[in-house]
Amino acid sequence: MSNVSKQDAPGRMRSQSQSGGDLRVILEGRIDSHQIGRLWRQAEKLIRKKQPECLIVDASKMEYCDGTGAGLLLWMRNQQNARNGRFIIEGLRDEVTRLMEMLDTKQADRVKDRNHPARRVAENVGQATVGLWQDLCSQIVFVGELTSALFYVLLRPKKIRWRETLLVAEQTGANAFGIVALIGFLLGLILAYQSVYSLKDFGAEIYVADLVALGLLRELGPLITAIILAGRSGSAFAAELGTMKVNEEIDALATMGLEPVRFLAVSRVVAAVIVMPMLVLFAELFGLVGAGIVMLSRGFPLVTYITQVQQAVTITDFAGGMAKAIVFGILVAAIGCLRGLQTGPGARSVGISATRAVVSGLVLIVLADGVFAVIYNILEI
Amino acid sequence: MEPKEIIKVENLTAVYDQTVVLENVSFNVLKGQVFVIVGGSGCGKSTLLKHMIGLYKPSAGRVIIEGVDIAAAEGRDRRELLRKFGVMYQSGALFGSMSLRENLRLVLEEFTLLPGEAMDFIADTKLKMVGLEGCGDLSPSELSGGMIKRAAIARAMVLDSDILFLDEPSAGLDPITAAGLDQLILHLAQTLNTTFVIVTHELASIFAIADDVVMLDKSTGTIVARGRPAELRDSSDNRLVQRFFNRECSTEA
């Protein structure tokens with residue numbers, strides 16, 4: 001617009017009530033996006049208070065009007081139209097008229113949720129149920145695909161992408177060593193401290209060694225490591241595969257004849273199966289070291305502690321823990337990949353997938369642990 | 001000799017969330033043709049393409065490539081079918097964790113028994129063909145937008161498939177590179193009798209390469225026009241087609 005200058009006065013709005021319920025609004029100066037918030041509120045208040053039968057806008061003193069200003073004019077017109085009032089603009093320059101024509105939107109009826117709240121609840125419950133059911137179905141389908149892919153590569157080990165598998169193993173295993181060792185150590189230490197106080201009343205402090213060793217090897221070692229794996233790597237798998245999905249890379253794999261499950265999930269699951277037992281081993285080792293420090297501080301010689309641990313646990317306890325470790329590893333890696341492959345469009349869905357990978361991973365770990373408890377109970381291990 | 005129909009789309013209907021994107025779309029593509037799909041933004045061009053390459057299952061109708069229904073093909077049939085075409089995705093869809101050469105090798109590893117060195121060699125020749133000589137060791141994140149497009153085309157044609165599907169190949173390329181790409185497409189179509197199915201908006205490119213054009217209409221989800229681009233421009237009596245080919249501006253469309 002030609003007459004824009006820095007000397008333009010800031011926008012102002014004045015109003016005059018006129019006979020017969022008419023309202024005259026005079027706009028002056030620059031009506032632009034810097035001023036619009038204040039002016040719009042002022043206009044809103046005026047129209048609501050006065051409810052004019054006819055609204056006359058005098059724009060002859062308006063020096064400049066931008067898109068938001070024209071928006072205000074359109075909005076005032078729409079307000080009048082909605083109440084069957086009249087709307088007149090006086091002295092509007094041609095370019096602003098054209099601007100208003102360009103901006104004039106049809107007042108699209110916002111789609112209102114006309115359903116009764118109770119019906120909405122029922123609908124939501126229904127949708128959630130169907131969603132759960134579909135999720136369960138997709139998990140079952142995925143388990144099938146993954147199993148068939150695993151068998152496929154088991155028969156043709158050359159088809160495993162070993163380089164990628166080792167890379168994933170490094171990321172999920174070697175790079176997780178520090179956190180696993182730290183948490184294992186603290187877990188052993190805390191467990192020993194807490195139990196030592198209860199057991200000393202019975203003069204049974206030495207059995208802290210049994211408690212910690214059995215607890216770690218049979219239960220806590222695999223559990224805590226799997227939880228770390230879910231948090232570190234399950235989410236990473238989901239985010240990586242999810243981003244690939246968003247970038248059409250998964251589609252590209254599918255049309256290139258490379259089954260995404262075989263191509264992406266197998267290497268990750270295999271990597272998890274390789275590293276989980278090792279991580280669990282380290283968690284248990286460092287847990288026993290932590291407990292050992294507590295025992296030493298209570299005055300037991302190191303050799304007594306070690307002998308006690310050796311007597312307490314059998315190879316069966318250890319093997320039972322390792323079996324859990326492998327199963328947890330498969331579950332966490334598989335659900336991470338599944339959630340990644342299920343990712344919808346957009347960056348947000350990648351975040352959602354990562355979250356769902358961790359949550360589903362934890363749920364599956366706990367469920368599997370329960371199943372193991374029942375099985376070991378029946379087998380009397 | 002009558003050229004043979006290589007792709008047949010029969011009464012394809014696509015419905016998403018109760019919105020009909022495509023309705024009863026039928027056409028066929030002849031072998032060796034450069035077949036172009038055009039239409040305004042959001043009219044279902046990419047959706048149509050994704051149905052044709054078997055990523056989406058049609059709500060009704062069929063897509064038949066060399067006599068095989070792509071949505072129904074499974075196992076060995078599907079693998080055979082997938083080998084027959086290459087796809088270039090709109091975003092390139094190169095694998096970010098691999099170099100360009102590895103991106104191209106992947107397909108060769110899956111479908112051929114070539115020795116490793118030969119795969120690298122073939123990958124390099126294909127990169128040369130799209131003007132990316134010596135870029136094999138770069139990763140996709142090191143490339144410009146235009147290079148990504150070209151690398152994606154190289155990957156799509158690494159197996160010298162009979163059919164290449166290109167989703168907006170020249171969008172975002174400078175006019176000279178885009179013209180080079182058109183030359184490449186024409187060259188491949190003429191020398192190797194490759195069939196191209198291309199989604200594009202670029203008018204210059206359409207006039208330069210297209211043997212046959214279908215135009216989709218967003219409002220109805222159907223084909224509004226079909227024919228050679230010059231014919232459509234000069235003799236179509238459909239407003240939408242005239243506007244598109246004469247670059248007429250309208251706010252009502």
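Quick note on labels: first sequence line is chain A, next is B, and so on, each numbered from 1.
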Tell me which pairs pass ring pair (Phe, Tyr, Trp, His ring centres under 6.0 Å) where either residue lies in residues 58-111 of chain B, with sequence neighbours left out.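 For residues 58-111 of chain B, and leaving out neighbouring residues, the ring pair (Phe, Tyr, Trp, His ring centres under 6.0 Å) pairs sorted by first residue read B/F85-B/F165.
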Give, as side chain, backbone, both or neither, the part of A/I250 having an atom under 4.5 angstrom from any heavy atom of chain B.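 Looking at A/I250, nothing touches chain B.
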Considering only heavy atoms, which portion of [X] lies under 4.5 Å from any heavy atom of chain A: side chain, backbone, both, or neither?
| X | value |
| --- | --- |
| B/R83 | neither |
| B/I53 | both |
| B/L94 | backbone |

Would the number of heavy atoms belonging to other residues, nucleotides or ligands and lying under 6.0 Å from [atom1] of [X] be above 12?
| X | atom1 | value |
| --- | --- | --- |
| A/R156 | CZ | yes |
| B/L113 | CG | no |
| A/Q139 | CD | yes |
| B/Y16 | OH | yes |
| B/K8 | NZ | no |

Quick one: are A/R163 and B/E102 in side-chain contact, heavy atoms under 4.5 Å?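 Counting from C-beta outward, A/R163 and B/E102 do come under 4.5 Å.
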Side chain to side chain, B/E110 and A/K159, heavy atoms closer than 4.5 Å: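 The answer is yes; the side chains approach within 4.5 Å.
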Taking 4.5 Å as the heavy-atom cut-off, does anything in residues 70-77 of chain A contact chain B, and if so which residues?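 Within residues 70-77 of chain A, no residue comes under 4.5 Å from chain B.
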Can you check side-chain contact (heavy atoms from CB on, under 4.5 Å) on A/E248 and B/Q90, steps first, answer last? CA-CA 9 Å; A/E248 296 184 305; B/Q90 208 169 346; 4.2 Å; yes
Nearest 0.5 Å please: distance from the OG1 atom of A/T255 over to the NZ atom of B/K50.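 The OG1 atom of A/T255 sits 10.0 Å away from the NZ atom of B/K50.
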Minimum heavy-atom distance A/G257-B/L82, with the two atoms named: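 Residues A/G257 and B/L82, closest heavy atoms: CA-CD1, 3.4 Å.
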Least distance between heavy atoms, B/V107 atom then A/M256 atom: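 Shortest heavy-atom contact: CG2-CE, 3.0 Å.
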